[in-house]
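Working notes, beginning with the structure itself.
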Amino acid sequence: MTLILMVILAIIGGATLSVQAALNGRLGGNVGVFKSAFLTFSVGAVVTSLLIFFFEPNHTVTLMNVPKWQLLGALCGVPYIVIMVVAVQRIGTAVATVAVIFGQLCMSVLIDNFGWLGNEAIHLSGSRISALVCLAIALYFIHSSSKSIAQNAQ
């Protein structure tokens with residue numbers, strides 16, 4: 001049951017990222033890419049602070065005590081938000097989102113396969129390679145259909 005719940009929550013999280021990308025793309029077109037990214041991180045910091053204050057249990061390890069390389073994950077959100085604000089304006093939400101998912105899948109398969117970043121190794125299998133190929137094909141078709149719609153509109 002927990003596995004199904006986690007998959008459903010991950011799907012909901014992915015759906016909210018698509019909504020965020022579409023909204024940020026429009027906002028970035030109106031006020032600028034970096035102002036849109038700044039708003040995203042500012043509001044996110046406030047909301048997360050409230051969640052920490054009200055719901056986070058105490059941990060024996062603090063952010064000051066963890067290995068410093070683990071803090072680098074915080075920097076990964078900046079290029080994602082900036083790239084999505086720019087990309088959605090130019091290629092649309094669907095293509096940008098599928099491209100992000102393809103990038104996530106490729107990198108996560110590498111992280112799993114080699115056990116990078118302290119994760120347990122999950123070796124590359126035929127089904128994982130098939131998933132990469134299927135998503136690459138999906139990206140191609142979504143991108144191709146977007147190009148043909150844009151050409152027909154001209």
Side-chain angles (χ1 to χ4, degrees), residues 2-112 114 116-119 128 131-132 134-154:
T2 303
L3 175 64
I4 293 170
L5 179 61
M6 290 300 113
V7 169
I8 290 169
L9 288 174
I11 290 169
I12 292 168
T16 60
L17 282 178
S18 294
V19 172
Q20 178 193 36
L23 292 171
N24 283 352
R26 300 295 286 159
L27 180 64
N30 289 329
V31 301
V33 172
F34 297 118
K35 288 178 185 171
S36 175
F38 178 77
L39 176 70
T40 297
F41 286 110
S42 299
V43 171
V46 169
V47 170
T48 305
S49 297
L50 292 171
L51 291 171
I52 290 168
F53 183 75
F54 288 109
F55 299 108
E56 183 74 23
N58 287 329
H59 295 275
T60 56
V61 178
T62 68
L63 289 174
M64 302 307 283
N65 303 111
V66 297
K68 298 309 173 216
W69 65 267
Q70 291 179 355
L71 301 175
L72 293 175
L75 294 176
C76 293
V78 175
Y80 167 76
I81 293 293
V82 171
I83 289 167
M84 287 303 285
V85 170
V86 173
V88 165
Q89 294 175 46
R90 289 170 177 74
I91 61 176
T93 305
V95 176
T97 300
V98 174
V100 164
I101 294 168
F102 183 68
Q104 287 175 326
L105 186 58
C106 289
M107 184 52 73
S108 64
V109 165
L110 288 173
I111 291 168
D112 279 353
F114 295 108
W116 290 342
L117 306 172
N119 290 286
R128 286 180 170 233
L132 288 168
C134 287
L135 194 52
I137 292 168
L139 178 57
Y140 170 79
F141 282 124
I142 289 174
H143 177 64
S144 296
S145 69
S146 296
K147 284 183 1 185
S148 65
I149 290 170
Q151 289 170 350
N152 291 339
Q154 292 176 353

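Just so it is clear, the values below take in all heavy atoms, side chains as well, and ignore hydrogens, waters and symmetry mates.
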Minimal heavy-atom distance between Val88 and Gly25, with the atoms involved, is CG1-CA, 4.1 Å
For Ala136 and Phe102, work out which heavy atoms get closest and say how close. CB-CE1, 3.7 Å
Just verifying a value: how many Å separate Leu3 CG and Ile8 CD1, rounded to the nearest 0.5 Å? 9.5 Å
With rounding to the nearest 0.5 Å, note down the distance linking CD1 in Ile4 to CG in Leu9. 12.0 Å
Do Met84 and Thr97 come within less than 4.5 Å of each other through their side chains, counting heavy atoms only? yes
Phe41 atom CZ: more than 12 heavy-atom contacts under 6.0 Å: yes
Hey, does the side chain of Thr48 reach the backbone of Ala45 with a donor-acceptor pair shorter than 3.5 angstrom? no
Report yes if the side chains of Val85 and Gln89 come closer than 4.5 Å at any heavy-atom pair, otherwise no. yes
So does Arg26 have more than 12 non-hydrogen atoms from other groups sitting under 6.0 Å from CZ? no
Set of residues satisfying ring-ring contact (aromatic ring centres under 6.0 Å, His included) with respect to Phe141, sequence neighbours excluded: none
In terms of heavy-atom contacts, does CG of Leu5 have more than 12 from other residues, nucleotides or ligands at under 6.0 Å? yes
Evaluation steps, side-chain contact (heavy atoms from CB on, under 4.5 Å), between Gln104 and Tyr80: CA-CA 11 Å; Gln104 287 175 326; Tyr80 167 76; 5.6 Å; no
Sorted by chain and number, sequence neighbours left out, side chain to side chain contact (heavy atoms under 4.5 Å, CB included) with Asn30 holds for none
Taking atom CG of Asn65 and atom CD of Gln70, what is their separation to the nearest 0.5 Å? 11.0 Å
Hey, which of Ile81, Asn24, Val82 is the one that makes side-chain contact (heavy atoms from CB on, under 4.5 Å) with Ser36? Asn24
Between the CE atom in Met107 and the CD1 atom in Ile111, the distance rounded to the nearest 0.5 Å is 6.0 Å
How far apart are the closest heavy atoms of Lys68 and Leu63, and which atoms are they? NZ-O, 4.0 Å
Decide if atom CG of Leu51 counts as having more than 12 heavy atoms of other residues, nucleotides or ligands within a radius under 6.0 Å. yes
About how many Å separate CD1 of Ile101 and SG of Cys106, when rounded to the nearest 0.5 Å? 12.0 Å
According to the salt bridge (charged side-chain N to carboxylate O under 4.0 Å, His left out) rule, which pairs have a member within residues 74-91, sequence neighbours left out? none
Look up atom CG in Leu135 and atom CD1 in Ile142, then write down how far apart they are to the nearest 0.5 Å. 8.5 Å
Provide the closest heavy-atom pair for Ala22 versus Thr93 in the form atom of the first, atom of the second, distance. CB-OG1, 3.5 Å
